[in-house]
There are 2 protein chains.
Amino acid sequence: MVPNRSVTSKVLALLDAFTPASPALTLSELARRAGISLATAHRRAAELVAWGALERGADGRYRIGLRLWEVASLAPRGLGLREAAMPFLEDLYEVTRENVQLAVREGLELVFVERIAGRHAVPVLTRVGGRFALHATGVGLVLLAHAPAQVQEEILGAPLHAFTEKTVTGSTQLRETLAAVRRNGYAVSYGQVTTDSVSVAAPITGADGTVLAAVSLVVRAQGAEPAALAPLVQTAARGIARALGHGLPQ
Amino acid sequence: MVPNRSVTSKVLALLDAFTPASPALTLSELARRAGISLATAHRRAAELVAWGALERGADGRYRIGLRLWEVASLAPRGLGLREAAMPFLEDLYEVTRENVQLAVREGLELVFVERIAGRHAVPVLTRVGGRFALHATGVGLVLLAHAPAQVQEEILGAPLHAFTEKTVTGSTQLRETLAAVRRNGYAVSYGQVTTDSVSVAAPITGADGTVLAAVSLVVRAQGAEPAALAPLVQTAARGIARALGHGLPQ
């Protein structure tokens, strides 16, 4: 038991118990992960089920409920952004039949807000609603290049995971990469996440110059011409910024 | 103030305050809508912001946070269903360039889980994460036709909103419509939501015969051939059911 926590934080801890790896939990798993007693977990879970934040299946396990997803769909950086971006993502997909991704920065990581994948597109590791490191993917490099200095220093100062042998993990080289992203107006991640793919990403910029999100195309590395894809991705990013009215949905 | 409410329900009431029509709220709006004091709202909102369930903008207003959207993306009937269905929805979209919709029943209404719209497709009223009545749309008629008897009786016993002059609002005629949906294996909603559109929908059925969701094509009424579109939608629905392993994601 964690002492002195507010009830609000205990309710949120119940939601925190669910992860992509364990989206369905028994009551005792829920209690253990949330750090509360079985009796308290039982009472709180029942209230969350009644509201629709959790659902309980025929197997007795708890899952995240559709009602929570409905409320969460009001997040400006979730579906709000996604709805404005969708026509441009569809266009990118239609002309390339490749992976199209939309992501925002959340603290020291990125969250994928949308992903469209052709049946024959190169496999990627991403999942809508999933998190990823900032230093490796195309969208991540864009978001990191335009993040506040404090965020950049925190990431540059910590050990960086090498997803492949091409992942840039040295802080000097990563600083140079980020400078190039700002200079060029787009990022290229060549084999830095999976060896057979290359990602080209561009920033979606607000009226005040803030980078709100990033959009990318992820294609097979073999035969890819990142410089030719960049204008396509940059044009989509500008279209999305315009559709957003150069700010996130209010 | 509502007396004797649990803290959990007060936390959830703060989330309930946000709606599609008012996705950004001041502290006093939040307190009033949640039925709690300004001081309590201030303390709870701060905790929700710290966790990421809410975000506070430069304008001082509160909005739903990306962290809540991340957790909510674990809902089996939200993004889990959507991810399995997406390749089939893309296929439907590619061959028709029309509106493609995916919905589930939530109580006496439906919730749109996904929507893909061609730039030149007929305008529709739907929004991902949005709710709609069951008795008018194609997906709604499919979900209602296969809902538990209790749900059907509750809807048939209440006054039904006429979106257009073609909306079926009489209980006898609606019963006949629902029987036809079950017999045919698909639903056609002709001008029942907007006069210029027709929707053709089919059920996504689980291994136990339960209807898990519904998929539809919404096209311009003029020149539409619902009977020709039905096999296309039904095939997509069967593909999605197979991709789901004939049950919702666990």
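By convention in this document, chain letters (A, B, ...) are assigned in the order of the sequence lines, proteins followed by strands, and residues within each chain are numbered from 1.
If you tally non-hydrogen atom pairs under 4.5 Å between each of B:Gly130, B:Gly57, B:Ala72 and chain A, the highest count goes to B:Ala72. Interface remark: of the candidates B:Pro20, B:Gly129, B:Gly52, B:Gly129 forms the most heavy-atom pairs closer than 4.5 Å to chain A. For the set B:Glu94, B:Met86, B:Arg44, the entry with the most heavy-atom pairs within less than 4.5 Å of chain A is B:Glu94. In terms of non-hydrogen atom pairs under 4.5 Å with chain B, the most contact-rich of A:Arg43, A:Arg115, A:Glu90 is A:Glu90.
For A:Val111, the part sitting under 4.5 Å from any heavy atom of chain B is the side chain, from C-beta outward, and nothing else. Only the side chain of A:Arg82 comes within contact range of chain B, judged by heavy atoms closer than 4.5 Å. In this structure, chain B has a heavy atom under 4.5 Å from the side chain of A:Val11, while its backbone stays farther away. Within the 4.5 angstrom heavy-atom criterion, only side-chain atoms of A:Glu83, from C-beta onward, approach chain B. When heavy atoms are compared at a cutoff of 4.5 Å, A:Glu70 approaches chain B by way of both its backbone and its side chain.
In this structure, A:Glu29 contributes its side chain and A:Thr26 its backbone to a donor-acceptor pair below 3.5 Å. The backbone N or O of B:Leu144 lies less than 3.5 Å from a partner atom in the side chain of B:Gln152, making a donor-acceptor pair. Looking at B:Arg105, its side chain does come within 3.5 Å of a backbone N or O of B:Gly107 through a donor-acceptor pair. Judged purely by atom type and a 3.5 angstrom limit, B:Glu109 has no side-chain atom pairing as donor or acceptor with the backbone of B:Glu106. Checking side-chain atoms of A:Ser22 against main-chain N and O of A:Ala24 turns up no donor-acceptor pair under 3.5 Å.
No side-chain N or O of A:Thr205 forms a donor-acceptor pair with one of A:Arg238 less than 3.5 Å apart.
Using a 4.0 Å cut-off between charged nitrogen and carboxylate oxygen, A:Arg67 and A:Glu55 do not count as a salt-bridge pair.
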